[in-house]
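First up is the structure itself, then whatever we jot down about it.
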Amino acid sequence: MIYVTGDTHIPHDIHKLDINNFPQQKAMNKDDYVIICGDFGGIWNESKEELYWRKWLKSRNFTTLFVDGNHENFDLLNSFPVEKWNGGKIHKINASIYHLMRGQVYTINGLKLFTIGGASSVDKENRIRSISWWEEELPDYAQCEEGLNNLEKNNWQVDYIMTHTCPTTILNKITEIFGFQPKPEDAVNKYLEVIEEKCKYNHWYFGHFHEDIEVDDKHTLVYEKIIRIDNI
Ligand SMILES: [Fe+2]
């Protein structure tokens, strides 16, 4: 089984994965996955509380996968070992928490998944560099290039795309159709628009905007919902 959900901002929004809110985990095991679409928040300052939540996730009946958002400590995240896993590169946080790195294609339980995290923090003026804000929140040129190359190798065809933010046209749609003001367009939206135009895929899941909205039949903004993606 593979489920996808939105930002967990450990410790604030991790409770959506507890047994009451996500009882499906009773029938799951470590070969089943929950994918978090960025702002995992569990790689921040190595506090006791943070380590508790990582251990808690390890004790769940699933393996946790996360795309990075804009609220992650990138110095710390990049200090974890890089390993090859299911066709793409991961940071292995512990035995059952893996960071799905930028520009990667994985094959998970037979499904092809493209991931690229990152987005701009709208409140970065109020944050402190390398303490609560990292310029690595935006993918760099090499990561973007790696993404395009990996999609090319897969003939621009995957089953799912998982990101933190979304393509520009989807950002505009959210405003126009749902009257919901998301964050201003950033460089990642523009890059994702290139992928939107060129890549064939079944569905795109993203987080960042802290709402649950079916934007159209191909794009879902996810936050509190936990959506199964391998049975449709
Ligand atoms: Fe967030």
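Every number for a ligand or one of its atoms is a count from 1 in the order of the listing.
For residue His71, no N/O/S atom approaches the Fe ion (ligand 1) to within less than 2.8 Å. Backbone or side-chain N, O or S atoms of His208 do not reach the Fe ion (ligand 1) at under 2.8 Å.
In the model, His15 has no side-chain atom that pairs as donor or acceptor with a side-chain atom of Asn21 under 3.5 Å. Side chains of Glu193 and Thr168: a donor-acceptor N/O pair is absent below 3.5 angstrom, by distance only. A donor-acceptor pair shorter than 3.5 Å can be found between the side chains of Glu196 and His219.
Vertex the Fe ion (ligand 1), arms ending at OD2 of Asp39 and NE2 of His9: the angle is 100° after rounding to 10 degrees.
Geometric assessment of Lys16 against the ring of Phe22 yields a negative cation-pi assignment under the 6.0 Å and 45° thresholds.
Of the residues Val222, Ile35, Leu65, the one that meets the side-chain contact (heavy atoms from CB on, under 4.5 Å) test with Met162 is Ile35.
The minimum distance between the Fe ion (ligand 1) and any N, O or S atom of Asp7 involves atom OD2. The atom name of the N/O/S atom in His210 closest to the Fe ion (ligand 1) is NE2.
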